[in-house]
Amino acid sequence: MNNIYGYVRVSSRDQNEDRQLIAMNEIGIEKKNIYIDKQPGKDFDRPRYKKMLKKFKPGDILYIKSIDRLGRNYDEILGQWRILNIHFMQKHFT
């Protein structure tokens, strides 16, 4: 069975993640599958994001409220997409 994961990021502990969490709840993502980081999006060295990726398997879906919650710029996001693809290939096809 494929899982749907939600990823929420705010840039600092003072910011509120409620808008993103409401969106996750509205589409029915289980609370246990929502991962929250409260730190800048300058890179992907984020503890909860890394934990979420370890659970991913082919066919799973990642939901984010908006693309800027995943990373700061397009090149970083594309780089992460490549990492995700390599991770899946190594994990499931070697």
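Since this is a predicted model, take the numbers as computed values, not measurements.
- Hydrophobic clustering of Ile, Leu, Val, Met, Phe, Trp and Tyr side chains at less than 4.5 Å, counting indirect connections, unites Ile77 with Phe56.
- No donor-acceptor pair closer than 3.5 Å links the side chain of Arg69 to the backbone N or O of Ile64.
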- prompt: Taking it one step at a time, do Tyr63 and Ile27 satisfy side chain to side chain contact (heavy atoms under 4.5 Å, CB included)?
  reply: CA-CA 10 Å; Tyr63 180 84; Ile27 62 169; 3.6 Å; yes
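- Listed by first then second residue, pairs satisfying side-chain hydrogen bond (donor to acceptor under 3.5 Å, both in side chains) with a partner in residues 18-31 read Asn16-Asp18, not counting sequence neighbours.
- Here Tyr5 contributes atom OH and Leu62 contributes atom CG; the two are 10.5 Å apart, rounded to the nearest 0.5 Å.
- Ser12 pairs by the side chain to side chain donor-acceptor pair (under 3.5 Å) definition with nothing, not counting sequence neighbours.
- Residue Gly71 comes nearest to Arg46 through the heavy atom pair CA-NH2, 4.2 Å, listed as atom of the first residue, atom of the second, then distance.
- Under a 3.5 Å cut-off, the side chain of Asp60 and the backbone N or O of Asn3 do form a donor-acceptor pair.
- Under the 4.5 Å side-chain contact rule for hydrophobic residues, Met52 and Ile29 do not share a cluster.
- In this structure Ile61 satisfies the side-chain contact (heavy atoms from CB on, under 4.5 Å) test together with Ile4, sequence neighbours excluded.
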Show me the donor-acceptor pairs, under 3.5 Å and distance only, between side chains in residues 35-45 and residues at least two apart or in other chains.
residue: Asp37; atom: OD1; partner: Arg48; partner atom: N; Å: 3.1
residue: Asp37; atom: OD2; partner: Tyr7; partner atom: OH; Å: 2.8
residue: Asp37; atom: OD2; partner: Tyr49; partner atom: N; Å: 3.0
residue: Lys38; atom: NZ; partner: Glu17; partner atom: OE1; Å: 3.2
residue: Gln39; atom: NE2; partner: Asp45; partner atom: O; Å: 3.2
residue: Asp43; atom: OD1; partner: Asp45; partner atom: N; Å: 3.0
residue: Asp45; atom: OD1; partner: Lys50; partner atom: NZ; Å: 2.5

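- Using a 4.5 Å cut-off between side-chain heavy atoms of Ile, Leu, Val, Met, Phe, Trp and Tyr, Ile22 forms no hydrophobic cluster with any other residue.
- Evaluation of the salt bridge (Lys or Arg N to Asp or Glu O under 4.0 Å) rule for Lys51 yields no partner, not counting sequence neighbours.
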